[in-house]
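Quick caveat, the model's predicted, so the values are computed rather than measured.
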Amino acid sequence: MRLLSALFVLPTLGDKRRWHWEQPQEQIPETLTARLLALIGTSGLIMLRLQMVVVYFRAAVAKLPSASAPHHGSTRSSDQASPARSAWH
């Protein structure tokens, strides 16, 4: 979670505005530093997207049925072999 928070901060490094819903007061100069900060911010946003792709992919794979998991409606062999359980039914 800390990495996710750090990636949210990267796009704001080169932005001098106090509130991000306002227009910038001045034109940003095209310097090497400004381009580098823009690259870092864009890279942070791309990494956020990639991280979310991995999270959703892992969640989707975890929901897929596996060969070792019993299917719904099937009985386990331990349920059939236990005489104590059958006495309570």
Side-chain angles (χ1 to χ4, degrees):
M1 194 61 162
R2 293 180 191 150
L3 177 63
L4 188 64
S5 300
L7 290 174
F8 273 120
V9 172
L10 290 177
T12 63
L13 289 177
D15 200 350
K16 302 295 183 199
R17 294 178 288 176
R18 187 173 190 161
W19 294 282
H20 291 284
W21 55 84
E22 294 177 357
Q23 292 292 326
Q25 298 293 334
E26 58 197 43
Q27 185 66 11
I28 299 173
E30 288 294 323
T31 63
L32 181 61
T33 305
R35 287 181 178 214
L36 183 62
L37 288 173
L39 177 66
I40 290 171
T42 304
S43 300
L45 291 174
I46 290 171
M47 292 302 296
L48 276 169
R49 288 182 178 184
L50 286 175
Q51 187 174 9
M52 293 313 298
V53 165
V54 169
V55 167
Y56 279 106
F57 177 75
R58 292 185 69 182
V61 168
K63 290 183 181 273
L64 293 175
S66 66
S68 63
H71 297 288
H72 294 289
S74 66
T75 58
R76 297 186 310 221
S77 60
S78 62
D79 289 344
Q80 295 172 349
S82 174
R85 280 189 63 86
S86 62
W88 290 101
H89 289 279

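Linking ILVMFWY residues whenever their side-chain heavy atoms come closer than 4.5 Å, directly or via other members, leaves Leu39 and Leu50 in distinct clusters. Grouping the Ile, Leu, Val, Met, Phe, Trp and Tyr side chains by contacts below 4.5 angstrom, directly or via other members, places Val55 apart from Ile46.
Separation of atoms CG (Leu37) and OG1 (Thr42) is listed at 10.5 Å; rounding is to 0.5 Å.
The stretch residues 33-42 participates, sequence neighbours left out, in these salt bridge (Lys or Arg N to Asp or Glu O under 4.0 Å) pairs: Glu30-Arg35.
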